[in-house]
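Structure record follows, encoded as structure tokens.
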Protein chains: 2
Amino acid sequence: MKILLVEDDKMHADFLHEIVENALPECNEILLARDGREGEELARAHKITAIVMDLRMKEQNGIEAARLIWARCPETRILFWSNYSDEAYLRGIANIVPGEATYGYVLKTATEERLRLALRAVLIEAQIVVDREVHQIQNRQMRSRSALTEFEYTILLDIALGLPDKAIATRRKLSLRTVQNRLLSLYDKLDVGALDQNEMGIVLNKRARAVSNAIARKIINREGLSSAEKELQAWLSRRSAKNALPPNP
Amino acid sequence: MKILLVEDDKMHADFLHEIVENALPECNEILLARDGREGEELARAHKITAIVMDLRMKEQNGIEAARLIWARCPETRILFWSNYSDEAYLRGIANIVPGEATYGYVLKTATEERLRLALRAVLIEAQIVVDREVHQIQNRQMRSRSALTEFEYTILLDIALGLPDKAIATRRKLSLRTVQNRLLSLYDKLDVGALDQNEMGIVLNKRARAVSNAIARKIINREGLSSAEKELQAWLSRRSAKNALPPNP
DNA sequence: AAGGGTGTTGCGGGAACCCGCAAAGCGGGT
DNA sequence: ACCCGCTTTGCGGGTTCCCGCAACACCCTT
């Protein structure tokens, strides 16, 4: 059995290597990749189906790498091992897990014992394991009043990228007014209430406020923004390709 | 001689502890803090003047902690030890270094030898040491066309927080039109050229675009936004306090 | 002293944003 | 069948944003 570790911090990689060696005696080969791109290539080249993956890496982040890997090989088992329990990462992972895939999420602050258990459970037994702390955050954010629906979340990314209402409407196939209604509820959930915080004068720009609040609350992050940006660019070029034809006979 | 380590990742903290022990035999007491707040308290309580500080930490980030420490005791020597060489962090540090202060900046990816040298140079010899890699990035960003002036940088934070033009004008004591001109040059530098990227139709919201581009390029980050937000709230309350009096006799 | 560059300010207008009001569509319960 | 609640959509208008045009001040060069 071969295992791939994807981790760009040398110290954590060494530590992980040692733990894996001890916890998984059935593993006879441990590969190491230092960023998402390399990880994805190694996984493909060596047909690896058991991976431990860091999320935040220089070249390509773990979510993007996992998406690509699962796209080719959905039965790959991936244990995410990360410092972060931001909503942005959780949502990012939730969006790419193929449904029948096996994965786990363990925080780097967890004890060695918990990490060992998760390694065996996910990579050997094909269980789903999510760190209790992460799961709590997931739940809390899901039920609190400020939980964003998928719709609100995508619209949030759209405005963060700078799409005007009309463009969002055409992109999401909604009417202009509906988009604005969604924005209304988004503003509500993100506490962008105009006059609430600053008792006197000065009404703030709701769009910008929503985005900065979302960033402050870790609902969105740089990685999520970047991948949303890529999708946007793809959509734009598809769109301009279509629009380039009609005017001609 | 006492040294304070501020680092929230246990593994890195252990490693750092060992290196410091070896590299600085004149040090007879090593304290450890797990976040910025604790670090600041320890530094004050023990009157420590030699600190190694991580930047990204849970409770309070290193920049804020350093600012508070230097505000009370400008001769404190601080070696920043971090994974990141984002412009946002560099600018953050540049903004709080008291000018006569001693500091250093070493990346966690540097060799142990470089770290040892920096430790001695900064904490013992009171030199200024900046990792070459960091320095290069600093330089590149300073001279590239897209280098932001201080003015542009503050206005960028202002719009990210959602301040409307008029509010920025009063806050920064400028006319409305001047603020808009600054925005123009900001848009230019951040390549928010409206029709350039998307050949057909769809003009994007420049404000939002500027912010998301700046985030993508790591010119601003969550920490910077949060501290800007605090300043904004302070300004707002100062302002409403003033405005609360005049109308009365 | 004249000219060119840069930064600041005013004015005006087209587009986008924010939102209250109101009319439909669509489910689910009695 | 009826009503109630929720979402979607249109309309209108007050506000903000974006920016071209133009005037003025300041500094630096020649």
Side-chain angles (χ1 to χ4, degrees), chain A residues 145 147-198 200-214 232 236, chain B residues 145 147-198 200-214 232 236:
Chain A
R145 189 189 59 82
L148 266 52
T149 68
E150 280 312 307
F151 267 156
E152 286 159 349
Y153 183 68
T154 61
I155 218 179
L156 170 61
L157 285 177
D158 282 343
I159 65 169
L161 292 178
L163 282 169
D165 298 7
K166 198 160 54 162
I168 301 179
T170 66
R171 184 176 185 196
R172 305 302 179 192
K173 309 220 165 116
L174 296 168
S175 88
L176 185 61
R177 196 59 184 80
T178 303
V179 171
Q180 294 176 326
N181 272 336
R182 295 238 155 104
L183 279 174
L184 232 50
S185 68
L186 183 63
Y187 294 153
D188 180 41
K189 292 196 179 170
L190 291 175
D191 299 319
V192 183
L195 307 182
D196 51 356
Q197 342 199 21
N198 49 355
M200 288 290 297
I202 298 188
V203 179
L204 297 140
N205 179 326
K206 315 230 168 173
R207 269 170 180 246
R209 209 97 246 295
V211 173
S212 72
N213 275 4
L232 172 60
L236 281 175
Chain B
R145 189 189 59 82
L148 266 52
T149 68
E150 280 313 306
F151 268 157
E152 287 158 350
Y153 183 69
T154 59
I155 217 179
L156 170 61
L157 285 176
D158 282 344
I159 66 169
L161 292 178
L163 282 169
D165 298 7
K166 198 160 55 162
I168 301 180
T170 65
R171 182 176 186 195
R172 305 301 179 194
K173 308 215 165 123
L174 296 168
S175 86
L176 185 61
R177 196 60 183 82
T178 303
V179 171
Q180 294 175 326
N181 273 336
R182 294 240 159 105
L183 279 174
L184 232 50
S185 69
L186 182 63
Y187 295 153
D188 180 41
K189 292 198 180 169
L190 291 175
D191 299 318
V192 183
L195 308 181
D196 51 358
Q197 342 200 21
N198 48 356
M200 287 290 297
I202 299 188
V203 180
L204 296 140
N205 179 327
K206 316 232 167 172
R207 260 160 192 259
R209 208 97 246 295
V211 173
S212 71
N213 275 4
L232 171 60
L236 281 175

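The sequence lines fix the lettering, A, B, ..., with proteins before strands; numbering per chain opens at 1.
Nucleic acid contact class of A:L176 (heavy atoms, under 4.0 Å, all strands): none.
Between the C1' atom of C:dA16 and the CG atom of B:L183 lies a distance of 16 Å, rounded to the nearest Å. Taking atom CG of residue A:D188 and atom P of nucleotide C:dC18, one finds them 15 Å apart after rounding to whole Å. C:dA16 atom P lies 12 Å from atom CD of A:Q180, rounded to whole Å. The NZ atom of A:K166 sits 12 Å away from the C1' atom of C:dG14 (whole-angstrom rounding). Taking atom CG on B:L174 and atom P on C:dT6, their separation rounds to 19 Å, with Å as the unit. For the pair A:L184 CG and C:dC21 P, the interatomic distance rounds to 13 Å; values are reported in whole Å. D:dC19 atom P lies 12 Å from atom CG of B:L186, rounded to whole Å. The CD1-C1' distance, from A:I155 to D:dT8, rounds to 13 Å in whole Å.
Looking at the side chain of A:S175, the nearest of the listed nucleotides C:dC18, D:dT9, D:dC18 is D:dT9. Comparing D:dT16, C:dT8, C:dA16 by their nearest atom to the side chain of B:P164 picks out D:dT16.
Looking only at atom types and distance, the side chain of B:N181 has a donor-acceptor partner in the side chain of B:R177 under 3.5 Å away.
When each of B:K173 and A:G162 is assigned the nucleotide of DNA chain C with its nearest heavy atom, B:K173 is the one assigned upstream, toward the 5' end. The residue among B:N205 and B:N181 whose nearest nucleotide of DNA chain C is located toward the 5' end is B:N181.
Residue-to-nucleotide contacts include a donor-acceptor pair under 3.5 Å from the side chain of B:R177 to the base of D:dG20. Checked by distance alone, B:R182 brings no side-chain donor or acceptor within 3.5 Å of a matching partner on the base of C:dG7.
Contact check on B:R182 versus B:E152 returns no salt bridge, with no Lys/Arg side-chain nitrogen under 4.0 Å from an Asp/Glu carboxylate oxygen. With salt bridges taken as basic N to acidic carboxylate O contacts below 4.0 Å, one links B:R172 and B:D158.
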### Query
When you look at A:L190 and A:L156, which way does the side-chain contact (heavy atoms from CB on, under 4.5 Å) test go after all the steps?
CA-CA 10 Å; A:L190 291 175; A:L156 170 61; 4.3 Å; yes
### Query
Where do B:I155 and B:L183 land on the side-chain contact (heavy atoms from CB on, under 4.5 Å) test, with the steps shown first?
CA-CA 7 Å; B:I155 217 179; B:L183 279 174; 4.3 Å; yes
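At the phosphate of C:dA16, neither OP1 nor OP2 sits under 4.0 Å from any side-chain N or O atom of B:K206.
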